[in-house]
Amino acid sequence: MKNKKKVVLVGFPKPILFKSKKYVIETLYNRAKKNPFLANSSYDEYIDFLLNQMKTLGSVEIDKDSKDLESTIYDNLKSMKWLKVINAIIVGVIESTNLGV
């Protein structure tokens, strides 16, 4: 079976199913729109907000014009431990029968 990864965000009760790094950032944006401070922000404004927070609180500076911006943001959020990745592992138990001879 294919292993699936889940991303658990601190403060969010439901994990995000990991599809791509861009999908995770977009899901963060959709959840952040429920916050009254970010409710009227566009996606680009939210990306600017994330970049500013990482620069201010984590001393990480990311070039906004980078080719894989969402991937870079994801990697930095993960390395700063603002995102927690849980590997979902499926464990199968094989029953064996003891045969008496």
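What you see is a predicted model; the values in this text were computed from it and never measured.
- With sequence neighbours left out, the salt bridge (Lys or Arg N to Asp or Glu O under 4.0 Å) criterion links D68 to no other residue.
- Looking at residues two or more places apart in sequence or on another chain, you find no side-chain hydrogen bond (donor to acceptor under 3.5 Å, both in side chains) involving K55.
- Atom CG of L51 is separated from atom CD1 of I73 by 4.5 Å, given to the nearest 0.5 angstrom.
- Residues forming a side-chain hydrogen bond (donor to acceptor under 3.5 Å, both in side chains) with N30 (at least two apart in sequence, or on another chain): none.
- Within 6.0 Å of atom CG in N40, 12 or fewer heavy atoms from other residues, nucleotides or ligands are found, so the atom counts as exposed in its surroundings.
- Residue L57 is not grouped with residue F37 when hydrophobic side chains (ILVMFWY) are merged at heavy-atom distances under 4.5 angstrom, including chains of intermediate members.
- Rounding to the nearest 0.5 Å gives a distance of 11.5 Å between NZ of K22 and OG1 of T27.
- In this structure, NZ on K21 lies 8.0 Å from OG1 on T72, to the nearest 0.5 angstrom.
- For Y29, the side chain to side chain contact (heavy atoms under 4.5 Å, CB included) partners are K33, Y43, Y46, not counting sequence neighbours.
- For K64, the salt bridge (Lys or Arg N to Asp or Glu O under 4.0 Å) partners at least two apart in sequence or on another chain are D48.
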Inset, instruction - Could you give me the CA-CA distance, side-chain angles and deciding distance for E70 and Y23, then say whether side chain to side chain contact (heavy atoms under 4.5 Å, CB included) is met? - result: CA-CA 9 Å; E70 286 89 354; Y23 175 78; over 6 Å; no
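- With sequence neighbours excluded, the residues that form a side chain to side chain contact (heavy atoms under 4.5 Å, CB included) with T56 are N52.
- We find the CG-CE distance between N76 and M54 to be 5.5 Å, quoted to the nearest 0.5 Å.
- Every residue two or more places apart in sequence or in another chain that forms a side chain to side chain contact (heavy atoms under 4.5 Å, CB included) with S41 is listed here: L38, E45.
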Inset, instruction - Would you sort out whether I25 and I47 count as a side chain to side chain contact (heavy atoms under 4.5 Å, CB included), showing the intermediate values? - result: CA-CA 9 Å; I25 301 302; I47 293 294; 3.7 Å; yes
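- Atom CG of L28 and atom OH of Y74 lie 10.0 Å apart (nearest 0.5 Å).
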